[in-house]
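Here's the structure we're looking at; comments come further down.
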Amino acid sequence: MSELSTKMIVFGILTRMPPKAVGRFKSVCKTWNSLLSRNAFVREHCSRSAIPSNQKVLIIELQTSSIHPINFETHAYEPGTSITIPFFHLSDDNRFNLVSILSHLNGLLCVCNRVTSDLFLWNPVTTSFKRLPHPYSNDFYKGTLDAVGMYTDTHDDLKVMYIRRRDATLAVNVYSRSDESWRNIPLTLHADYLTTRFCWSSGTLCGGKFISLLMRQLLEEFEMFDLPPIPNHGIVFISLVNAQDELVMFAASGHRAMKIDMWILTEEIRFGAGDLSGTQSLAVSRWLQEKGNAV
């Protein structure tokens with residue numbers, strides 16, 4: 001049997017292993033550690049896990065944290081398994097969890113301690129984590145002013161994008177997991193986006209593009225795209241989700257009775273294909289609305 005065929009068989013077997021087993025297999029040898037640490041393996045492993053029977057949800061409540069299987073027939077959570085958050089995350093009286101999930105990519109979470117403002121990369125299945133260094137000496141992440149998202153670049157390097165807003169100024173910093181350092185990306189916006197009236201959403205990776213509420217990341221350059229006609233009266237909550245590589249927006253609006261509308265972003269590519277590989281494109285984006293429900 002050829003060496004190439006052996007590698008393909010090993011790769012195929014390991015991508016079908018449970019996440020905890022994959023974590024243990026990294027210590028078998030340097031070759032396996034290198035293979036299992038590559039983003040190509042992570043993506044393939046996640047895609048094989050993306051069947052309904054393997055879907056789970058992490059729930060972090062005030063005093064508990066647990067992972068629950070999802071029952072797609074009843075649309076409910078099954079009984080869960082408690083997990084331990086492996087880094088400092090409790091209030092001063094050790095009663096309440098102070099962790100917020102900011103972004104996720106291929107099973108890896110970027111979370112924040114709401115008191116210390118520390119950011120962590122955390123795999124809740126294997127329990128491994130890494131505290132990110134601060135790009136500033138003080139006054140780090142603030143949930144009401146900042147936003148965080150994750151993506152991988154053309155070199156398969158995991159990146160964390162941190163959008164920071166202070167004193168009517170905006171700064172965009174990108175953390176590289178391979179370099180273990182931050183660097184600044186220039187960005188100029190209209191003054192309206194610098195005020196506290198404007199809220200950033202957390203980012204999601206969709207179709208090779210890093211998406212924040214009004215932005216998508218192309219080669220670490222920014223371009224604007226319009227939002228759908230969301231009602232601007234009453235209370236409005238907006239959430240972006242990557243569903244089967246389509247950008248989906250949920251908008252809840254109203255007062256006592258909230259109406260939830262779902263929008264799907266589609267693109268008509270006119271010149272080439274635009275993604276993180278570097279090919280420039282001109283695309284016309286439009287939102288398709290799904291039927292809304294009152295809650």
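Atoms considered below: every heavy atom in the structure, side chains included; atoms not considered: hydrogens, waters and symmetry mates. Note that the coordinates shown come from a computational prediction; the quantities given were computed from them, not determined experimentally.
With sequence neighbours left out, His134 forms a ring pair (Phe, Tyr, Trp, His ring centres under 6.0 Å) with Phe140. Annotation: salt bridge (charged side-chain N to carboxylate O under 4.0 Å, His left out) contacts of Lys130 (sequence neighbours excluded): Glu180. Residues that satisfy the salt bridge (charged side-chain N to carboxylate O under 4.0 Å, His left out) test with Glu61, not counting sequence neighbours, are absent from this structure. Taking Arg24 as the reference, nothing meets the salt bridge (charged side-chain N to carboxylate O under 4.0 Å, His left out) condition, with sequence neighbours excluded.
Ile85 contributes atom CD1, which lies 4.5 Å from atom CH2 of Trp122 (distance to the nearest 0.5 angstrom). Interatomic distance, Cys110 SG to Met161 CE, rounded to the nearest 0.5 Å: 12.5 Å. Of the inter-residue distances, the one linking Tyr141 atom OH with Cys112 atom SG reads 6.0 Å to the nearest 0.5 angstrom. If you take NE2 on His68 and OG1 on Thr81, they are separated by 8.0 Å, rounding to the nearest 0.5 Å.
For the pair Arg164 and Asp146, the salt-bridge criterion is not met [side-chain N within less than 4.0 Å of a carboxylate O].
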Sequence neighbours left out, cut at 3.5 Å: what donor-acceptor pairs do the side chains of residues 169-177 make with other protein atoms?
| residue | atom | partner | partner atom | Å |
| --- | --- | --- | --- | --- |
| Thr169 | OG1 | Arg166 | O | 2.5 |
| Asn173 | ND2 | Tyr136 | OH | 2.9 |
| Ser176 | OG | Asp157 | OD2 | 2.4 |
| Ser176 | OG | Ser178 | N | 3.4 |
| Ser176 | OG | Ser178 | OG | 3.0 |
| Ser176 | OG | Asp179 | N | 3.1 |

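With hydrogens and angles disregarded, no donor-acceptor distance shorter than 3.5 Å links the side chain of His155 to the backbone of Asp153. Under a 3.5 Å cut-off, the side chain of Trp182 and the backbone N or O of Pro133 do form a donor-acceptor pair.
Judged as a salt bridge (charged side-chain N to carboxylate O under 4.0 Å, His left out), not a single pair has a partner in residues 82-104 (not counting sequence neighbours).
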